[in-house]
Amino acid sequence: MDHLWTNARLATMAENGLGLIERGAVAASGGRIVFAGPMEEAPAPAGDSDVTDCGGRLVTPGLIDCHTHLVHGGSRANEWAMRLEGASYEEIARAGGGILSTMRATRAASEEALTDAALPRLDALIAEGVTTVEIKSGYGLSTEDELKMLRAARALADRRDVRIETTFLGAHALPPEFANRRDAYVDLVCNEMIPAAAGHASAVDAFCEGIGFSPADCERVFRAARDHGLSVKLHAEQLSALSGSALAARHGALSADHLEHASEGDVREMAAAGTVAVLLPGAYYFMRETQAPPVAALRRHGARIALATDCNPGTSPTTSLLLMLNMGATLFGLTVEEALRGVTVNAAAALGLADRVGTLQAGKVCDLAIWDVEDPSELVYRIGFNPLHLRIRNGGAPC
């Protein structure tokens, strides 16, 4: 045993609820948890073990942000100002703004510049106890530039002590050189981009929407991803009801994300397939949406719910996963338990990492967040307040 944390209130997330243990301890060896349970049952520390008294603080698994677009060039603050004056997201996109404006800035940036620009965004997440971050491509929209984004994302793990999961999102928007040639671009995504991305990403995503790609397009992308051993996930039902989430479920997707317009049938198929519902309250708030995701249906059918920042320059420019906890509760009606499971155990499932992280259990990686609070509800209740005391990665020194 390398390290023992004692006198903690554990939220293990190992059961259906928070898995609270009032006087708990966590022991780690070789970066893995070997014990998480009541203090009186904890193994005795060896002579060279480090022991940390948590002083009654709350200890949770390290937080997981399972949907971000952290790597990108440029800013879209000007488009936000246009929306304040009445322009819609669709109008801006069709006028060459939106994703395409970020595409131009991303293509113009070097790989190193993209990594450097993403570091402050990543640091903000790390400062809130985040130990795992998913990062999507999707702003390059050419083979070379998509790979550049994926490499830049992976380079972040060399600069910071954090687990980075990369997702290829070539089917995010139609680049201008393929205007009016959607089928040809989907061919490029499936036949060239996905094979090239297979060594740089663990999953493939697509934007299933009227201003993005049709369900038929996304199905082609899914098949190509599976042919190259990649998991799939989908941006679905954000702006309209296309039943992309049900399509994702039928293809065994890890997650379907956004879901404001998902139907009862969509939810039923997601729950049956084990596809995680990733809710993104930052985008809902920033875009002033009025139709919330069908949380009651998700509960009714037993679908797993995750929360994420959706950190991106156009529709969710936030780097606070703690804020998403509060927004998930206040805007979508999630309980404290649902919100906290949404950034731990269910977020891990949304990334295909449920066997490695997301709970405090023997055998899992020892990623911990130690909080200057006693009651878990404090993490969801407060706005703009960060009570992180220590963040532990791989059972190592505090970071």
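We count residues from 1, following the sequence as given. Everything quoted here is computed from the prediction, not taken from an experiment.
For the salt bridge (charged side-chain N to carboxylate O under 4.0 Å, His left out) test, residues two or more places apart in sequence or in another chain that qualify with Asp367 are Arg163, Arg393.
The shortest distance between side-chain heavy atoms of Arg226 and Val204 does not fall below 4.5 Å. Leu279 has its side chain within reach of Ile305: a pair of non-hydrogen atoms, C-beta onward, lies under 4.5 Å apart. In this structure, Thr166 and Glu134 have side chains that are not in contact, with every pair of non-hydrogen atoms separated by 4.5 Å or more.
The two residues Ala42 and Ala25 have their closest heavy-atom pair at CB-CB, 3.9 Å. Across all non-hydrogen atoms, the minimal contact from Asp2 to Gly30 is OD2-N, 2.6 Å. Between Leu20 and Pro376, the shortest heavy-atom contact is CD2-CG, 3.9 Å.
Annotation: cation-pi geometry not satisfied between Arg182 and Tyr185 (NZ/CZ under 6.0 angstrom from ring centroid, within 45° of ring axis).
Ring orientation note: the planes of Tyr284 and Phe332 are nearly perpendicular, at an angle over 60° on the 30°/60° scale. In this pair, His235 and His258 present their aromatic rings tilted. The plane angle is within the 30 to 60° band.
Side-chain polar atoms of His72 and Asn312 form no donor-acceptor pair below 3.5 angstrom. For the residue pair Ser142 and Glu144, no side-chain donor N or O sits within less than 3.5 Å of a side-chain acceptor on the partner.
Side-chain N or O atoms of Glu237 include one that pairs as donor or acceptor with a backbone N or O of Leu242 at under 3.5 Å. Not a single donor-acceptor pair under 3.5 Å links the side chain of Arg76 to the backbone N or O of Pro313.
Ring centroid separation for the pair Phe168 and His200 does not come in under the 6.0 Å cut-off.
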Side chain to side chain contact (heavy atoms under 4.5 Å, CB included) between Arg23 and Glu40: does it pass, once the steps are laid out? CA-CA 9 Å; Arg23 290 186 72 254; Glu40 58 269 22; 4.2 Å; yes

